[in-house]
Amino acid sequence: MQGAFVRVLGAVFHLNCFRCMDCGDVVASKFFPFEGPDGKQHPLCERDFFRRLNLICAKCGMALRGSYITACNKTYHVEHFTCSICTTLFGSHDSYYEHDGDVYCHYHYSTRFATKCAGCSTAILKQFVEINRNMRDECWHPECYMINKFWNVKVVSRRPTSGTIQEEHRETAVSLKEKQFRMKQLVYRIWTVLSAFEESSAACISDVLLQVENGQYLDAVLMAEKFILHVEVLFGAIDDLEHHFASNGLEGMSHVREARMLCRKTVDLFTLLSHTQEAGARRMEMTQELLALVTGLAHYLKILIRIALIGALKLERDYDAHEPMTLFLDKIHMSAIEGANPSAKRLIKGLNGETLASSRTSNISTEGVKYGFRSLAPECAGESPFMAAPRDPSLATVPTINPPSDLCVKCNQSVEEDCVRLGTYQRWHSSCIQCVTCVKVAAVPWPMDTTSPRQDDKAKGKETNKDKWGASSKPITQRRPPANVDFFVYDADSMKDSSAFGPVPSVIYCVDHGHKSCRGGFRSVSRLEQYSYLLNVALRRLYTLLKKRGVVPAAPGQFESPMSASNGQNPNRNPGNINWLKSVPLKLSATAHLPKRSTVMESPTRKTVQTGDLQVQQPTSTPIPVQIQQRDTSGGQSQEATTQQPQPTGSQARQENRPRFSPWRLIGKKAK
């Protein structure tokens, strides 16, 4: 032993002979003691010592001396825990996605590996529904699946054809995240608002039947009025969508037949209810006819919701018009917030409390009203005649006609399509608004309807009022332009009292032949607005008929009904009666790709330190400095160096498992 040497581990080594047990590198400067299979202490270099403790960074291959992160069964330096594709560094509050053992950021996982939803074509990052359709597996977001299940609608009609590279060129990390967030909010709102609206409509139908069965006919009328308000709200929303289509010169939605059939089923139900109190009629039971009517109501209501949803989605995705969808959902949601109360005020007030005037650039029928149609709001049509006192004093001065008429003021024929109104209860066919001087009419000629169907039928001697919602006649479903009401006025001195309509004008002029005493005020009425008005007329006729038979009080408030005593809630209704509109529970997918949370370790105390969602710890083993001794060749005594023994706590480092989210599996029924 000549020259420099080391005395350590109970032995003496040349400097070049003191090597790592695993890799053979010289460790004369420092080493880590490690107990071998033979029970003896052996030197290890820093890298091999940390490798045996599984504390090597998976990115750079170096030892983890400071804080480190465990993720995907691997360990990383805190500064090296990045996306496998880009340089995105995951901090203490950031989430990452795992795929095939590698770590990815939200952007690259969404564009390259995430499964796309069959309903909205965005990445599925959480729970999803798995179904097999046409021998092909499909994955859906839960809300997208329920929208498709209830109304057979996909939020995005076409699957994206561009590949990963095109999507990454088109979207940035920020824009992709915003796009996914907007789609998530839209889908969630569509499902929650429309499903609640459909369920509330079903509850109204259920309550009508239950109250009639219990003999509470006044409560049945009140629930029927509430159901008609649901129909009016939906018709008003469809009318708004049609206005957007028309203002952009686009072809509208095909909804006329379904709307007519829904109204016809409703009137048929009222007719059936009126027969239950006839002489010799037995108590109402769930007959085949009644079951068919209730099923038909639910069927056509669902179809109309589907038509409106498809129209709103078409405007949003094809023409980049986001306002129609927002307005559509807002109005339906607002009616739900106010409990679908027919007596609730609906006109929107200005800052000074005045009612907002209609704007000619928007849908006049629904302008300035929270939901439904302006002409049918209590501020314009008066308070419900079925409600008992106390009444709203501000509505006491609103002129009303009870029962209202569905006939034209001029020709006394039924008005069943779009028309012209003055106030709420005075209505004319568009062709009956005619200047007495020049014979100009308000109806706008159009190619498919150059002759008024009413006048054509009258000329041929046909009976035009045989069936109000006539199944035999084929109504023209094409969208008609509104009547030119702005060009017509009436003579205020020609007002005459009428028992059916109240004071009505008998002389009408065009603006070219009018004089100073003439006044305006005519408003065009859309087809769906007229349908809603006719439903209210039919309900009030049913109420009048029931009063004549003595099954409801002659005047509201003569006795308190169970529903009014329970603040409008039906005490007899069991919520189980409407389970037929609710979805079946689904299982959640165990293969959902959830963002993982990383685990960070730190030393020397081996105490867990909470840093957000991360746990911090450091390895505790420290290297032993080796003091080199120099042998005195002149025969002198060598100076022995004291060797520092290693801490006994460094053989095993604590391994912290990263937190696991509870995965879910949604398994939908196979599509029929």
Side-chain angles (χ1 to χ4, degrees), residues 201 204-205 207-209 211-212 217-236 256 258-278 284 289-290 292-294 296-298 300-301 304 340 342-343 372-373 375-378 381-387 400-408 412-419 421 424-427 464-471 473 475 500-501 525-549 551-552 556:
S201 303
C204 292
I205 300 174
D207 284 345
V208 169
L209 302 180
Q211 297 298 341
V212 173
Y217 281 88
L218 179 58
D219 289 339
V221 171
L222 292 174
M223 292 311 303
E225 185 184 28
K226 200 171 183 179
F227 174 74
I228 290 176
L229 178 60
H230 282 78
V231 176
E232 179 193 340
V233 171
L234 182 58
F235 282 180
V256 176
E258 290 76 11
R260 289 175 63 91
M261 291 302 298
L262 176 63
C263 294
R264 183 186 179 193
K265 294 288 184 182
T266 305
V267 173
D268 288 346
L269 178 62
F270 293 166
T271 304
L272 184 62
L273 297 181
S274 67
H275 292 165
T276 58
Q277 285 296 321
E278 290 181 350
M284 189 193 75
E289 181 183 7
L290 183 59
L293 285 176
V294 173
L297 284 175
Y300 287 110
L301 188 70
L304 285 171
S343 298
F373 295 102
S375 64
L376 301 179
E383 202 171 20
S384 169
F386 319 123
M387 297 296 294
T400 59
I401 302 295
N402 279 314
S405 174
D406 60 343
L407 303 180
C408 174
N412 250 6
Q413 297 292 329
S414 177
V415 182
E416 301 173 4
E417 300 295 330
D418 39 353
C419 58
R421 67 177 177 86
T424 298
Y425 301 103
Q426 300 173 8
R427 308 213 169 202
T464 59
N465 198 26
K466 183 176 181 180
D467 186 358
K468 179 175 295 187
W469 309 101
S473 61
F501 307 103
V525 178
S526 66
R527 177 187 279 120
L528 294 183
E529 182 181 0
Q530 182 64 11
Y531 288 176
S532 301
Y533 172 77
L534 293 177
L535 285 179
N536 281 279
V537 172
L539 180 62
R540 298 191 184 192
R541 287 180 177 174
L542 172 64
Y543 178 67
T544 302
L545 181 61
L546 294 178
K547 281 200 301 184
K548 290 181 179 179
R549 294 178 180 170
V551 296
V552 297

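For the pair Thr544/Lys548, a side-chain contact is recorded, criterion being any heavy-atom separation below 4.5 Å from C-beta on. Contact annotation: the side chain of Cys204 approaches that of Met223 to within less than 4.5 Å [non-hydrogen atoms, C-beta and beyond]. Two residues are said to be in side-chain contact when any heavy atoms from C-beta on lie closer than 4.5 Å; Phe227 and Leu269 fail this criterion. For the pair Ser526 and Phe235, the minimum side-chain heavy-atom distance is 4.5 Å or more.
Exactly one residue among Leu407, Leu534, Val525 makes a side-chain contact (heavy atoms from CB on, under 4.5 Å) with Arg427. That residue is Val525. Test Leu542, Val212, Leu273 against Tyr217 for side-chain contact (heavy atoms from CB on, under 4.5 Å) and you get one pass: Val212.
With hydrogens and angles ignored, the 3.5 Å screen pairs no side-chain donor or acceptor of Gln211 with any backbone N or O of Leu218. Side chain of Thr424 to main chain of Ser375: a donor-acceptor pair is present (N/O by atom type, distance under 3.5 Å, no hydrogens or angles). In terms of modelled atom types and a separation under 3.5 Å, the side chain of Gln530 and the main chain of Val415 share a donor-acceptor contact. In this structure a side-chain-to-backbone donor-acceptor pair under 3.5 Å is present from Gln426 to Phe501.
Counting all heavy atoms, side chain and backbone alike, Ser274 lies closest to Thr271 at OG-O, 2.6 Å. Val208 and Ala224 make their closest contact through CG2-N, 3.5 Å (heavy atoms, listed as atom of the first residue, atom of the second, distance).
The side chain to side chain contact (heavy atoms under 4.5 Å, CB included) test applied to Ile401 returns Tyr425, not counting sequence neighbours. In terms of the side chain to side chain donor-acceptor pair (under 3.5 Å) criterion, residue partners of Asp418 (sequence neighbours excluded) are, by chain and number, Arg480.
Ion pair Arg540/Glu225 not flagged as a salt bridge, since none of the NZ, NE, NH1 or NH2 atoms sits closer than 4.0 Å to an Asp/Glu carboxylate oxygen.
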